[in-house]
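So the structure is just underneath, and the comments pick up after that.
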Amino acid sequence: MSLLLAGVTIEQVSILLGHSNIKVTQQHYNPWVRDRQVQLEADLQRAWNRDPIVLLNSKAQDAEGPQLILPN
């Protein structure tokens, strides 16, 4: 798990563990990887929800209604 948390790919973990096939590694680690992705997405959403700039922009949009923002 610590390798995956450190950013090592599942393919590299498979090689380091000496698995004959990456499917063996995926079978054991994919449920954890999926759960970790969900957790990271929820953490990111919570951080965005607390960001003062995001909150300010959100309040401004609520007051003004939806706006189309075009790139420069």
Side-chain angles (χ1 to χ4, degrees):
M1 299 289 179
S2 60
L3 290 173
L4 293 171
L5 284 172
V8 177
T9 66
I10 198 160
E11 292 84 3
Q12 293 168 321
V13 171
S14 180
I15 292 167
L16 290 169
L17 292 174
H19 292 160
S20 59
N21 189 320
I22 191 169
K23 290 182 181 185
V24 173
T25 313
Q26 289 172 333
Q27 178 182 5
H28 292 284
Y29 289 95
N30 270 357
W32 180 84
V33 170
R34 248 188 321 275
D35 290 345
R36 181 73 175 141
Q37 181 65 35
V38 169
Q39 178 186 358
L40 289 171
E41 289 173 3
D43 291 345
L44 182 59
Q45 186 63 48
R46 277 192 298 279
W48 282 342
N49 290 341
R50 291 189 307 247
D51 185 295
I53 295 173
V54 172
L55 291 172
L56 183 63
N57 288 339
S58 177
K59 288 178 185 177
Q61 285 179 356
D62 289 345
E64 297 172 7
Q67 294 180 347
L68 177 62
I69 300 173
L70 301 174
N72 294 336

Distance, nearest 0.5 Å, that separates [atom1] of [X] from [atom2] of [Y]:
X: H19; Y: L17; atom1: NE2; atom2: CG; result: 4.5 Å
X: N30; Y: K23; atom1: CG; atom2: NZ; result: 12.0 Å
X: I10; Y: H28; atom1: CD1; atom2: NE2; result: 10.5 Å
X: Q12; Y: I15; atom1: CD; atom2: CD1; result: 7.0 Å

### Task
State, yes or no, whether a side-chain contact exists between D43 and Q39 at a heavy-atom distance under 4.5 Å.
yes

### V8-L5 co-clustered via ILVMFWY side chain contacts under 4.5 Å
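V8 clusters together with L5.
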
### Path from V33 to L16 over hydrophobic side-chain contacts below 4.5 Å
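Same hydrophobic cluster.
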
### Message
Could you go through R34 and V38, starting from their C-alpha distance and side-chain angles, then the distance that decides it, and tell me whether this counts as side chain to side chain contact (heavy atoms under 4.5 Å, CB included)?
### Response
CA-CA 6 Å; R34 248 188 321 275; V38 169; 5.8 Å; no

### Message
Under a 3.5 Å threshold, yes or no: a donor from one side chain and an acceptor from the other, between Q45 and E41?
### Response
no

### Task
Taking all non-hydrogen atoms of both residues into account, name the closest pair between T9 and L4 and its distance.
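Nearest pair, atom of T9 first, then L4: C-CD2, 4.3 Å.
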
#### Entry: Criterion side chain to side chain contact (heavy atoms under 4.5 Å, CB included) on L3 and Y29, from CA distance to verdict
CA-CA 11 Å; L3 290 173; Y29 289 95; over 6 Å; no

